[in-house]
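Take a look at the structure set out below.
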Amino acid sequence: ASIAWRTSEVTDGIVRYGHVAGDLSSVKTSPYHSSHHTVTLTSLLPSTAYQYRVKVTDQAGNETQSADLAFQTRSVSDTPVSFARWSRLS
């Protein structure tokens, strides 16, 4: 899953997330100072509801954060499957 957001000025960003209600102990940081942020969350469980919160800090040290938000991951069967079939012609 990817979480994307924009800010009105250059900030650092942190996404706290988790799949247990009220537990946002997993953390992913935005990799650079920017006003356009995207953080990719990996190793998520399939068919699972997650909560997350975005917190940003500007260069002056001012902080603000979003409300708690949520998303649902897809089931394993929703994942596209790639395969190749090779056969030798006689």
Side-chain angles (χ1 to χ4, degrees):
S2 292
I3 309 293
W5 69 95
R6 292 183 182 185
T7 54
S8 60
E9 59 184 294
V10 173
T11 62
D12 289 335
I14 296 173
V15 176
R16 295 188 178 279
Y17 65 99
H19 66 276
V20 176
D23 178 14
L24 303 178
S25 60
S26 297
V27 177
K28 187 78 173 192
T29 59
S30 183
Y32 50 87
H33 304 293
S34 178
S35 60
H36 294 76
H37 301 268
T38 300
V39 171
T40 301
L41 309 180
T42 58
S43 301
L44 301 176
L45 299 172
S47 300
T48 303
Y50 282 85
Q51 294 179 332
Y52 70 97
R53 180 184 310 136
V54 176
K55 178 180 173 183
V56 296
T57 306
D58 69 12
Q59 293 178 342
N62 301 309
E63 298 179 345
T64 192
Q65 65 183 11
S66 70
D68 288 357
L69 303 166
F71 65 91
Q72 175 85 23
T73 56
R74 292 181 175 183
S75 68
V76 173
S77 63
D78 289 341
T79 304
V81 176
S82 299
F83 64 92
R85 181 176 177 185
W86 297 90
S87 62
R88 173 178 269 172
L89 296 176
S90 303

Sorted by first residue and then second, give each salt bridge (Lys or Arg N to Asp or Glu O under 4.0 Å) pair with at least one member in residues 29-43; sequence neighbours left out. none
Any pair counted as side-chain hydrogen bond (donor to acceptor under 3.5 Å, both in side chains), so long as it reaches residues 17-29, sequence neighbours left out: D23-S25
Rest of the hydrophobic cluster containing V20 (Ile/Leu/Val/Met/Phe/Trp/Tyr, side-chain heavy atoms under 4.5 Å)? none
hydrophobic_cluster_shared for V27 and V15, side chain cutoff 4.5 Å: no
Please give me the minimum heavy-atom distance between Q59 and V10, naming the atom from each residue. NE2-CG1, 3.8 Å
Starting at CD1 of I14, measure out to OG1 of T57 and round the result to the nearest 0.5 Å. 6.0 Å
Can you give me every donor-acceptor pair (side chain of residues 45-56, partner residue at least two apart or in another chain, under 3.5 Å) with its distance?
residue	atom	partner	partner atom	Å
T48	OG1	L45	O	3.4
T48	OG1	P46	O	2.8
Y50	OH	L45	N	2.8
Q51	OE1	G22	N	3.2
R53	NE	D68	OD1	2.7
R53	NH2	D68	OD1	2.8
R53	NH2	D68	OD2	3.3
K55	NZ	E63	OE1	3.4

H33: what forms a side chain to side chain donor-acceptor pair (under 3.5 Å) with it, not counting sequence neighbours? D12
Would you list the atom pairs, donor with acceptor, under 3.5 Å between side chains in residues 37-44 and any protein atom, with sequence neighbours excluded?
residue	atom	partner	partner atom	Å
H37	ND1	S30	OG	2.7
H37	NE2	T11	OG1	2.9
H37	NE2	S34	O	2.8
T40	OG1	S2	OG	3.4

